[in-house]
Amino acid sequence: GHAPGSTLWAVALDNRILLFSGDISNVKNDIDQNIDKDMFYSYFIVPENTKRTSQLRQWLRTLDQSDNISVIVSHDLVNTQAYVDEYEIN
């Protein structure tokens, strides 16, 4: 992600890996479409290496297309809620 030492979390559950993407993207669609965060955000609010985050979004999209890996964008509440509902997490 944008912060040095940024972390991804992988959780094995029901023969599937749920990969929490950290701060690489704020919404799932940006991974699916490889869309940068707003320029003001990426350059002034939380400076990040946009070339590297683009590479990471593409890598995450490839992983997400796998049958047994799902990428969860923690900042995207709709995306996260879909997995909470699927796994009946309370």
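Bear in mind that the values here come from a model prediction, so they are computed numbers and not experimental data.
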- Query: Tell me, which pairs form a salt bridge (Lys or Arg N to Asp or Glu O under 4.0 Å) where one or both residues lie in residues 10-19, sequence neighbours left out?
  - Reply: R16-E86
- Query: So which pairs with a foot in residues 8-28 pass ring pair (Phe, Tyr, Trp, His ring centres under 6.0 Å), sequence neighbours left out?
  - Reply: none
Measure the spacing between [atom1] of [X] and [atom2] of [Y] and express it to the nearest 0.5 Å.
X: N79; Y: N26; atom1: CG; atom2: CG; answer: 12.0 Å
X: S25; Y: K37; atom1: OG; atom2: NZ; answer: 7.0 Å
X: Q55; Y: T53; atom1: CD; atom2: OG1; answer: 8.5 Å
X: I72; Y: Q81; atom1: CD1; atom2: CD; answer: 11.0 Å

- Chi angles and distances behind the side-chain contact (heavy atoms from CB on, under 4.5 Å) call for I31, D64: CA-CA 9 Å; I31 288 176; D64 195 52; 5.7 Å; no
- Item | Residues in side chain to side chain donor-acceptor pair (under 3.5 Å) contact with S42, at least two apart in sequence or another chain |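 Listed in chain order: E48.
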- Query: Residues two or more places apart in sequence or in another chain: which of them pass side chain to side chain donor-acceptor pair (under 3.5 Å) with D30?
  - Reply: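 In terms of side chain to side chain donor-acceptor pair (under 3.5 Å), with neighbours along the sequence ignored, D30 is linked to no residue.
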- With no hydrogens and no angle check, is any side-chain donor or acceptor of S70 less than 3.5 Å from a backbone partner on L19?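 Between the backbone of L19 and the side chain of S70 there is no qualifying donor-acceptor contact (under 3.5 Å).
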- Item | salt bridge (charged side-chain N to carboxylate O under 4.0 Å, His left out) against D76, all qualifying residues, sequence neighbours excluded |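 D76 satisfies salt bridge (charged side-chain N to carboxylate O under 4.0 Å, His left out) with no other residue.
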- Note on the structure: Contacts of D36 meeting salt bridge (charged side-chain N to carboxylate O under 4.0 Å, His left out) (sequence neighbours excluded), chain-then-number -> R57
Partners meeting side chain to side chain contact (heavy atoms under 4.5 Å, CB included) with [X] (sequence neighbours left out):
X: A12; result: none
X: F40; result: D38, F44, I45
X: Q33; result: N29, I35
X: S66; result: N68, I69

- Ignoring hydrogens and angles, state whether a donor on the side chain of S54 or Q58 is under 3.5 Å from an acceptor on the partner side chain.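 Yes, a side-chain donor-acceptor pair sits under 3.5 Å.
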Of all heavy-atom pairs between [X] and [Y], which one has the smallest distance, and what is that distance?
X: Y83; Y: L18; value: CD2-CD2, 4.2 Å
X: L8; Y: G22; value: CD2-N, 4.0 Å
X: K28; Y: V71; value: NZ-O, 3.2 Å

- Message: Do L56 and I17 land in one hydrophobic cluster if side-chain heavy atoms of ILVMFWY residues count as linked below 4.5 Å?
- Response: yes
